Amino acid sequence: ENFEVYFKPLSTWFNISVYGPKKDHFVAIFENISERKKLEQELNSYNQRLEEVVTRRTAEYAQANKNLTQEIMDRRKIEEGLVFRAMILDNLSEAIFLANLKGEFVYVNLAACELFGHACEELLNQNLLEILQIPEMEKSEFMDKLQKTEQIDIHTVHVRKNKEKAPIHLRMHIVNTVHGKLVI
């Protein structure tokens, strides 16, 4: 037989091995295993703490994953909405554009590209104040008035890519965005 026992009066763990080498005789070997038991207890304590940390971290990561998944789904909805809005804007027959307060285009729809006679990529590299036939001296006055009133409704002329001039009715408004003020 082989067994382990805690001997309380000595506060000691023993591993006891008992065997009979011949009939009516036995041998008992007592081995002090207190140090091993102490190490096993420490190891069990470390394992338990590790399992608690792993459980807690797993829960944290699961929550973070859930939050990220929700954020991804929310962003997809926003992106789908933006694509849908862009599709609507691109299919309108009226020219629509966004420009910063320097006149640099940020967005142009297809009707604006056709009206100004440029491919959309070209038009995005143009400046509204250059396309509209506003005298150089009046450009800053024009933009100042737009910023003060936040809207302008004028009849003017613009120059198409092929240098052809075309009269237009221009209705411009200032809109506040996360990127600052833009002209629409």
Side-chain angles (χ1 to χ4, degrees), residues 45-184:
S45 176
Y46 288 139
N47 280 341
Q48 185 177 0
R49 285 194 303 233
L50 181 61
E51 286 178 15
E52 289 170 2
V53 168
V54 167
T55 300
R56 188 176 67 245
R57 292 292 168 113
T58 300
E60 289 170 1
Y61 291 142
Q63 184 62 43
N65 189 39
K66 181 180 176 184
N67 293 345
L68 286 173
T69 301
Q70 185 62 47
E71 187 176 326
I72 288 169
M73 288 172 36
D74 292 346
R75 285 180 186 240
R76 278 190 185 146
K77 284 180 185 176
I78 291 168
E79 287 173 6
E80 288 171 3
L82 291 172
V83 167
F84 185 66
R85 287 184 194 114
M87 182 185 69
I88 291 170
L89 290 174
D90 280 341
N91 286 296
L92 289 176
S93 59
E94 286 191 335
I96 297 177
F97 62 84
L98 280 174
N100 62 24
L101 296 179
K102 296 175 188 172
E104 299 163 338
F105 288 112
V106 176
Y107 168 82
V108 291
N109 73 350
L110 295 174
C113 297
E114 290 174 13
L115 175 70
F116 291 114
H118 292 274
C120 289
E121 296 79 26
E122 287 177 325
L123 191 54
L124 285 171
N125 291 316
Q126 301 289 319
N127 188 297
L128 174 65
L129 299 173
E130 297 300 321
I131 291 174
L132 298 176
Q133 291 296 293
I134 298 174
E136 194 65 40
M137 295 171 50
E138 295 176 22
K139 287 180 184 178
S140 69
E141 194 178 296
F142 177 82
M143 291 307 285
D144 288 343
K145 181 180 177 187
L146 176 60
Q147 288 182 58
K148 285 177 188 164
T149 62
E150 295 199 348
Q151 68 181 34
I152 289 182
D153 196 358
I154 62 170
H155 291 278
T156 187
V157 174
H158 80 64
V159 179
R160 296 173 52 85
K161 182 179 179 178
N162 63 7
K163 305 296 184 212
E164 179 182 304
K165 292 182 180 183
I168 60 169
H169 179 193
L170 185 61
R171 199 174 273 142
M172 294 173 33
H173 298 273
I174 298 282
V175 292
N176 291 311
T177 72
V178 295
H179 303 291
K181 291 184 176 189
L182 294 176
V183 178
I184 185 169

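Quick note: residue numbers are just sequence positions, from 1. Since the structure is predicted, the reported quantities are computational estimates derived from the model, not experimental observations.
Side-chain atoms of Glu60 and Arg56, non-hydrogen and from C-beta on, do get closer than 4.5 Å to each other. Within the 4.5 Å cutoff, the side chain of Leu82 has heavy atoms near those of the Arg85 side chain. You'll find the side chain of Val108 stays beyond 4.5 Å of the side chain of Gln126, heavy atoms only. Contact annotation: the side chain of Leu115 never approaches that of Phe97 to less than 4.5 Å [non-hydrogen atoms, C-beta and beyond]. Side-chain contact between Asn125 and His118: absent, with no pair of heavy atoms (C-beta onward) separated by less than 4.5 Å. The closest side-chain heavy-atom distance from Leu146 to Ile174 is below 4.5 Å.
Atom NE2 of His179 has 12 or fewer neighbouring heavy atoms from other residues, nucleotides or ligands inside a 6.0 Å radius. Atom CZ of Arg49 has more than 12 neighbouring heavy atoms from other residues, nucleotides or ligands inside a 6.0 Å radius. Under a cut-off of 6.0 angstrom, the local environment of CD in Glu141 is sparse, with at most 12 non-hydrogen atoms contributed by other residues, nucleotides or ligands.
Taking OG1 of Thr177 as the reference point, atom CG of Asn100 lies at 10.5 Å (rounded to 0.5 Å). A distance of 10.0 Å separates CG of Leu92 from CG of Leu110, quoted to the nearest 0.5 Å. In this structure, Leu170 CG and Leu128 CG are separated by 6.5 Å, a value rounded to the nearest 0.5 Å. Between Met172 atom CE and Asp153 atom CG the span is 10.5 Å, to the nearest 0.5 Å. One distance of note links CD1 of Ile154 with CZ of Phe142; it measures 4.0 Å at 0.5 Å rounding. For the atom pair CZ of Arg160 and NZ of Lys165, the computed distance is 14.5 Å after rounding to the nearest 0.5 Å.
Side-chain N or O atoms of Asn109 include one that pairs as donor or acceptor with a backbone N or O of Glu94 at under 3.5 Å.
Residues Leu89 and Tyr107 approach most closely at CB-OH, 3.3 Å, considering heavy atoms. Closest heavy-atom contact between Ala111 and Ser93: CB-O, 3.5 Å.
When each of Gln70, Arg76, Lys77 is checked for a side chain to side chain donor-acceptor pair (under 3.5 Å) with Asp74, only Gln70 meets the rule.
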Checklist entry - Hey, mind stepping through Gln63 and Asn67 against side-chain hydrogen bond (donor to acceptor under 3.5 Å, both in side chains) and telling me if it holds? => result CA-CA 6 Å; Gln63 184 62 43; Asn67 293 345; 2.9 Å; yes
